[in-house]
Amino acid sequence: MSLNGLNFYSYLSKIRILKTYSSKIMLVAFLGTHVPLITLLLFFVLSTVQDIQTALKILGIALVATLAGTAATLFALHKLLTPVVLTSKSLNRYLSEREIPNLPTVFQDEAGSLMADTVTTVRKLDELIHYMANYDGMSGLPNRDLFLERLSNSLHELSMREEILSFPVLSLEATHLKQIRSNFGVHMGDLYLRSLAQKLETMLGPETVLARTGDGEFSFFPLPSSSQILETDTEIWAEKIQNSTSSPLNVVNQQISSEIRIGISVFPYDGKSSDQLLWKSETALSQTKLSGTSKIQTYSSEWKERMKEKYLLEKDLKLAISKNQLFIQYQPRIEVQTGKKISAEALLRWNHPEYGVISPTIFIPIAEESGIIGEMGEWVLSKAMEDLGNWKKRGLPPIRISVNLSAKQLEDKNIAKKVLDILEKNNLSVEDLELEITESSLITNIQSALEILGELHSWGISLALDDFGTGYSSLSYLSKIPLKTLKVDQSFVRKILTDPNSLAISKTIVALGKSLGLRITAEGVETEVQMRKIKDLGCDEAQGYFLSKPILLEELEIFAQT
């Protein structure tokens with residue numbers, strides 16, 4: 001229907017006394033019946049009646065009868081307008097009080113349809129508003145507000161019981177979401193999160209409340225009515241979840257995975273309100289990033305200050321390069337059979353103006369989380385190659401420098417060109433450099449990383465896989481990476497004499513590497529007995545405190561010449 005039909009309604013709305021729709025109908029009905037009738041009556045009386053008294057009498061009776069009939073008509077019209085009036089009031093109550101309209105739905109005419117359709121439409125609208133306000137549109141899970149509401153309800157239920165029960169609140173995060181979106185696109189990142197949410201729903205079941213509480217973050221807790229998970233079993237439960245969700249998910253024929261970390265708070269020890277428990281589980285989640293090694297962390301109040309410190313360190317770290325606070329130490333590596341000093345690993349260090357030299361286990365995770373690890377990695381490569389260029393100019397004993405390549409650098413399609421440009425700038429050859437990667441740096445986009453590593457290999461640059469056996473890819477991707485060196489992680493080497501499992505793993509890594517034609521480097525060698533053991537196992541190279549701690553360039557010169 002054209003909006004021009006509203007012209008008359010618009011005109012009547014300008015009359016101030018006609019505030020309601022009913023008053024407009026009454027006025028039109030009154031004028032529509034009275035004006036023509038009174039006009040006709042006056043014409044009849046004046047034309048036929050000669051006596052003025054008789055004429056007035058006839059007019060009076062006619063007017064009374066007309067008014068009575070009009071009153072009855074207007075009363076009936078007013079009642080007929082009740083569906084419109086009730087519908088309008090119901091809509092206003094919904095807008096102001098969120099009260100669902102309670103209108104009859106049995107009538108079949110236009111007014112009946114108006115009421116019935118209003119009830120149906122408002123109910124659907126209310127469901128949609130409720131869903132949008134309480135659920136995450138991407139995953140379909142409850143959002144943060146609904147999670148807190150349900151947690152509060154569970155806490156209230158627990159408070160009504162005589163016995164004191166404890167239960168955990170856990171926050172889980174896919175920490176490599178930024179890299180996944182960077183490598184595969186934002187849409188694929190969302191699809192990965194949806195797949196992760198579905199996997200969590202299946203694992204946790206209906207007795208656990210699960211919600212999406214952040215971009216890559218999910219939080220959950222068991223219902224008090226469920227089979228209670230004891231506090232002592234919480235970390236075992238979390239470990240099972242962490243292991244399962246860390247494995248690759250099939251997303252549109254792509255195998256995508258992320259590092260999964262979990263933070264835990266426990267009612268009532270860490271708090272008795274929903275806000276406290278969720279905040280502390282998320283704080284514990286942040287603790288896992290600061291710890292560097294632990295992927296599951298239970299809340300500890302001592303970390304409050306660490307979180308403040310982290311924030312301040314992140315601000316300072318972004319200025320560390322421009323303020324010349326970064327420097328490099330080199331850890332020598334020797335040939336096991338001959339004792340020949342063949343290479344050194346470049347290790348980044350940060351000399352903070354207030355806190356002094358800060359451990360890389362603290363600032364490297366901060367650099368990765370803040371996104372500046374790529375810039376820092378390029379600085380290390382440039383500085384190490386500049387040092388090596390000057391080393392060769394002075395005719396010092398030949399040595400190869402090993403530099404770590406971060407996950408961020410493995411996302412850079414131009415990294416091979418940057419490496420070659422740095423080598424050329426310092427008059428170095430590809431044999432002078434070895435690039436180290438870790439298994440964890442490969443997991444977000446193995447295909448892209450393999451392409452970049454293949455390009456580096458094609459130029460003759462040696463590649464080493466660090467921390468082997470501690471990550472996720474291990475055997476499944478080992479044969480696909482164009483490696484020259486495989487490094488046995490120091491966590492195995494340090495326990496190689498005391499832990500049968502570490503010895504068995506070390507033997508397996510050496511045998512596997514040898515079968516692939518790789519050189520084997522043992523990290524973390526701290527004693528002479530360990531040195532003899534890794535020699536017996538067939539390792540080709542070794543590094544660790546038994547040989548030398550990380551040292552400055554000037555000290556490396558002395559070490560290389562002794």
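For the pair A542 and I534, the tightest heavy-atom approach, listed with the atom from each and the gap, is CB-CD1, 3.8 Å. In terms of heavy-atom proximity, F218 sits nearest to A197 at CE2-CB, 3.8 Å. Taking every heavy atom of both residues into account, G271 and Q276 meet most closely at CA-OE1, 3.4 Å. Of all heavy-atom pairs spanning S244 and K199, the tightest one is O-NZ, 2.8 Å. Heavy atoms only, all atoms of each residue included: A238 and I262 are closest at O-CD1, 3.4 Å. Taking every heavy atom of both residues into account, L465 and T438 meet most closely at CD1-C, 4.0 Å.
Using modelled atom types, one finds a donor on one side chain and an acceptor on the other under 3.5 Å when comparing T298 with E235. Counted by atom type alone, S246 and Q242 present one or more donor-acceptor pairs between their side chains at under 3.5 Å. S402 and E436 form a side-chain donor-acceptor contact under 3.5 Å, judged by distance and modelled atom types alone. S491 and D489 share a side-chain donor-acceptor pair at under 3.5 Å.
Look at R144 and D136 and you find no salt bridge, because none of the NZ, NE, NH1 or NH2 atoms lies under 4.0 Å from a carboxylate O.
In terms of modelled atom types and a separation under 3.5 Å, the side chain of S281 and the main chain of L278 share a donor-acceptor contact. Put simply, the side chain of N153 never gets that close to the backbone of H156: no donor and acceptor are under 3.5 Å apart. In this structure, the side chain of R212 engages the main chain of G214 through a donor-acceptor pair within 3.5 Å. At distances below 3.5 Å, not a single donor-acceptor pair connects side-chain atoms of K280 with backbone N or O atoms of V169. S258 places a side-chain N or O within 3.5 Å of a backbone atom of H176 that can act as its donor or acceptor partner. With hydrogens and angles disregarded, a donor-acceptor distance shorter than 3.5 Å links the side chain of D540 to the backbone of I520. Side-chain N or O atoms of Q409 include one that pairs as donor or acceptor with a backbone N or O of S406 at under 3.5 Å. With hydrogens and angles ignored, the 3.5 Å screen pairs no side-chain donor or acceptor of E217 with any backbone N or O of T213. Looking only at distances, a side-chain donor or acceptor of T175 sits under 3.5 Å from a matching main-chain atom of E259. Although no hydrogens or angles enter the test, the distance criterion places no donor-acceptor pair under 3.5 Å between the side chain of S182 and the main chain of Q179.
Other residues, nucleotides and ligands place more than 12 heavy atoms under 6.0 Å from the NZ atom of K514. Counted within 6.0 Å of NZ on K484, heavy atoms from surrounding residues, nucleotides or ligands total 12 or fewer; the atom is thus considered open. Within a 6.0 Å sphere centred on NZ of K418, heavy atoms belonging to other residues, nucleotides or ligands number more than 12.
By the 4.5 Å heavy-atom criterion applied to side chains, L193 and S139 are not counted as neighbours. When side chains are defined from C-beta on, N250 counts as touching Q255, because their heavy atoms get closer than 4.5 Å. At a threshold of 4.5 Å between non-hydrogen side-chain atoms, the residues L155 and K272 do not count as touching. I366 is not listed as a side-chain neighbour of I372, based on a closest heavy-atom distance of 4.5 Å or more. Between T288 and E173 there is no side-chain heavy-atom pair separated by less than 4.5 Å. By the 4.5 Å heavy-atom criterion applied to side chains, K413 and E451 are counted as neighbours. Between E368 and I364, the closest side-chain pair of non-hydrogen atoms falls below 4.5 Å. Between L151 and V209 the shortest side-chain heavy-atom distance does not fall below 4.5 Å.
In this structure, the separation between CE on M138 and CG on L191 is 9.0 Å, given to the nearest 0.5 Å. The distance from atom CG of L405 to atom CD1 of I415, rounded to the nearest 0.5 Å, is 5.5 Å. D270 contributes atom CG, which lies 10.0 Å from atom CD1 of I264 (distance to the nearest 0.5 angstrom). The distance from atom CD of E354 to atom CG of L313, rounded to the nearest 0.5 Å, is 9.5 Å. Here the CG atom belonging to L210 is positioned 8.5 Å from the OG1 atom belonging to T208, to the nearest 0.5 angstrom. Note that the CD1 atom of I496 and the OG1 atom of T498 stand 9.5 Å from one another [nearest 0.5 Å].
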(message) Applying side-chain contact (heavy atoms from CB on, under 4.5 Å) to M203 and T245, what does each step give before you reach the verdict?
(response) CA-CA 10 Å; M203 287 179 58; T245 52; 4.2 Å; yes

(request) Give the C-alpha distance, both sets of side-chain angles, the deciding distance and a yes or no for side-chain contact (heavy atoms from CB on, under 4.5 Å) between K295 and I260. (result) CA-CA 7 Å; K295 295 180 176 61; I260 301 297; over 6 Å; no

(message) For a side-chain contact (heavy atoms from CB on, under 4.5 Å) check, start with the C-alpha distance between R261 and L285, then their side-chain angles and the critical distance, and finish with the verdict.
(response) CA-CA 7 Å; R261 292 178 178 267; L285 179 60; 3.8 Å; yes

(request) Take R519 and E434 through the salt bridge (charged side-chain N to carboxylate O under 4.0 Å, His left out) test and state the conclusion after the steps. (result) CA-CA 13 Å; R519 290 182 65 81; E434 179 182 68; over 6 Å; no

(message) Determine whether R194 and Q198 satisfy the following criterion, side-chain contact (heavy atoms from CB on, under 4.5 Å), listing intermediate values before the conclusion.
(response) CA-CA 6 Å; R194 189 176 300 171; Q198 291 170 350; 4.0 Å; yes

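Classified by interplanar angle (parallel below 30°, tilted 30° to 60°, perpendicular above 60°), the ring pair W350/H352 is perpendicular.
For Y192, there are no ring pair (Phe, Tyr, Trp, His ring centres under 6.0 Å) partners at least two apart in sequence or on another chain. Residues forming a ring pair (Phe, Tyr, Trp, His ring centres under 6.0 Å) with F221 (at least two apart in sequence, or on another chain): F147, F167.
The residue from T283, L277, T234, L170 that alone fulfils the side chain to side chain contact (heavy atoms under 4.5 Å, CB included) condition with S265 is L277.
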